[in-house]
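Reading through the structure tokens given below for one structure.
Atoms considered below: every heavy atom in the structure, side chains included; atoms not considered: hydrogens, waters and symmetry mates. Chain A is the first sequence line, chain B the second, and so forth, proteins listed ahead of strands; every chain is numbered from 1.
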2 protein chains.
Amino acid sequence: MRILLVEDDPMVADGIREGLEKAGFAVDHTAAAEPAASALALTHYDLAIVDIGLPRMDGHELIRRLRRRGIKVPILILTARDGLDDRVTGLDLGADDYMVKPFHLPELLARLRALIRRSRSATASELSAGSLRLDLARRTASARGAPLDLTGREWDILQQLMLATPNVVNKQKMVESLSEWDNELTSNAVEIYISRLRNKLQGGDVEIRTIRGIGYRLDEPLSV
Amino acid sequence: MRILLVEDDPMVADGIREGLEKAGFAVDHTAAAEPAASALALTHYDLAIVDIGLPRMDGHELIRRLRRRGIKVPILILTARDGLDDRVTGLDLGADDYMVKPFHLPELLARLRALIRRSRSATASELSAGSLRLDLARRTASARGAPLDLTGREWDILQQLMLATPNVVNKQKMVESLSEWDNELTSNAVEIYISRLRNKLQGGDVEIRTIRGIGYRLDEPLSV
DNA sequence: CGTTCGCTGTCAGGCAAATGTAAGCGTCTC
DNA sequence: GAGACGCTTACATTTGCCTGACAGCGAACG
């Protein structure tokens, strides 16, 4: 989880950085808008925190430029207590949230998590559905707290299902993702792994549904 | 733009409703959580505004239930000035934003617009007519909140009807869309699927009308 | 090296759901 | 009331999926 912090006041910046790092985020920091723009263009960030009162190019202008360039990283803006208009125009320009300075760190963290969850991409380091958990970095899986022993292929398939959930994964897509550059597999191979996965997921609270003629979908049978 | 407002204080509710309607939103209002849950299950809303301090089932519980049922309407929660914990847990539960009471209406409007814009770009793969709903990505269908079990052909036909509604879909076009390149089907096949679909749509608020000699049209008899 | 073992993917049999033809009957139109 | 069109049931066929058996392969191990 990588966050870019754009803040000109060194005191504030250090305070935020420390809190974020303690919560497990990787934080990069720039004091002005121009270097922030290039950092965002070059590197992937999960989120950007932008102080609206920056020297030279201000935060509004930064956001406008980013969005115009099609960069759609989630942006949270920081604003002074009395800058109501700032907040409004910031949100209308394409920011995703704001916080009023000074603020409580737990609240900032909650908002960050909400924003990142919302825009969660393939870079998330953990996937979950029901009591199923996949740790992408360690390539381990667990269901209901108990570790799951998965082979490579089974893992690939389950990851695809979980990334897509609750949407359907096209079977042809699965075949392609399992095949090397030139040797196509039979679609039957996918069926095999689905079958084996189902066996290993027995008794869990998720289920692999077949969508005839299309593919598969991971479902959590509704507990009401 | 349809918004559901869940707020027990009549004074506050009326104030918000008036502001929203002036800004061009259609507003429905409930005072408690239970009717809100059913309204959200039955009808499509672009956004829900939930007061966190509700009688009986509170706002948190409402949000938890909605998310567990897979209802992913954007939610903005209203909270008292001092309820920091409320806000944090609300966001972690799956709300998308919050506002502290009392607030400035223009700011509320800006946030609503931002939320709706965001959710549009995120999903946008749903078709609806009356209480009928097709989620293309998940390949699920529901009528009046209850899931519909459709086969591939039924799905294709219903999708055509919903895409065209309220216009007529030419029967010949349907035949072509079901046929492979060269083997033409009988137009009788379409009639069969229409018949099966009608059975499954029994009791809903939409109806498949026959236009003799031309084709079919999806109608909502109730709303004129 | 040879053996073992687990993973992979093909084959083939079995099965259930989905499909579409045929046919008889109802309904609309002229 | 005759003909065309549409609805519906029954049923045979087709399709797509599931799964057990098995062979190839490579890594680990002795």
Q: Give the B/S/- string for nucleotides 21-30 of chain C, one per nucleotide from 5' to 3', where a protein heavy atom under 4.0 Å of the base yields B, of only the sugar-phosphate yields S, and otherwise -.
A: BBB----B--
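Between A:I194 atom CD1 and C:dG9 atom C1' the separation is 15 Å, expressed in whole Å. As rounded to whole Å, 7 Å separates atom P of C:dA18 from atom CG of B:D149. Rounded to an integer number of Å, the gap from CD1 of A:I157 to P of C:dT8 is 10 Å. Here C:dT19 presents its P atom at 7 Å from CD of B:E154, a figure rounded to the nearest Å.
A distance-only check finds no donor-acceptor pair linking the side chain of B:D46 to the backbone of B:I3 [under 3.5 Å]. Although no hydrogens or angles enter the test, the distance criterion places a donor-acceptor pair under 3.5 Å between the side chain of A:R217 and the main chain of B:R138. One N or O on the side chain of B:D205 and one on the backbone of B:S131 form a donor-acceptor pair closer than 3.5 Å.
Here chain A contacts DNA chain D (any atom closer than 4.0 Å to a heavy atom, that is under 4.0 Å), and the contacts span D:dT15 to D:dG20 from 5' to 3'.
Checking A:D28, A:I75, A:V73 one by one against A:L4, the side chain to side chain contact (heavy atoms under 4.5 Å, CB included) holds for a single residue, A:D28.
Where B:S195 and A:T210 meet DNA chain D, the nucleotide closest to each residue was compared, and B:S195 sits on the side nearer the 5' end.
Taking the charged nitrogens against the carboxylate oxygens, B:K173 and B:E176 have no contact shorter than 4.0 Å, which rules out a salt bridge. Between B:K200 and B:E154, at least one side-chain N (NZ, or NE/NH1/NH2) sits under 4.0 Å from a carboxylate O, which counts as a salt bridge.
Contacts of A:E21 classified as salt bridge (Lys or Arg N to Asp or Glu O under 4.0 Å), with partners at least two apart in sequence or in another chain: A:R17.
Contact annotation: B:Y193 side-chain N/O to C:dA18 OP1/OP2 distance is not under 4.0 Å.
Residue A:E18 places its CD atom among 12 or fewer non-hydrogen atoms of other residues, nucleotides or ligands, all under 6.0 Å distant.
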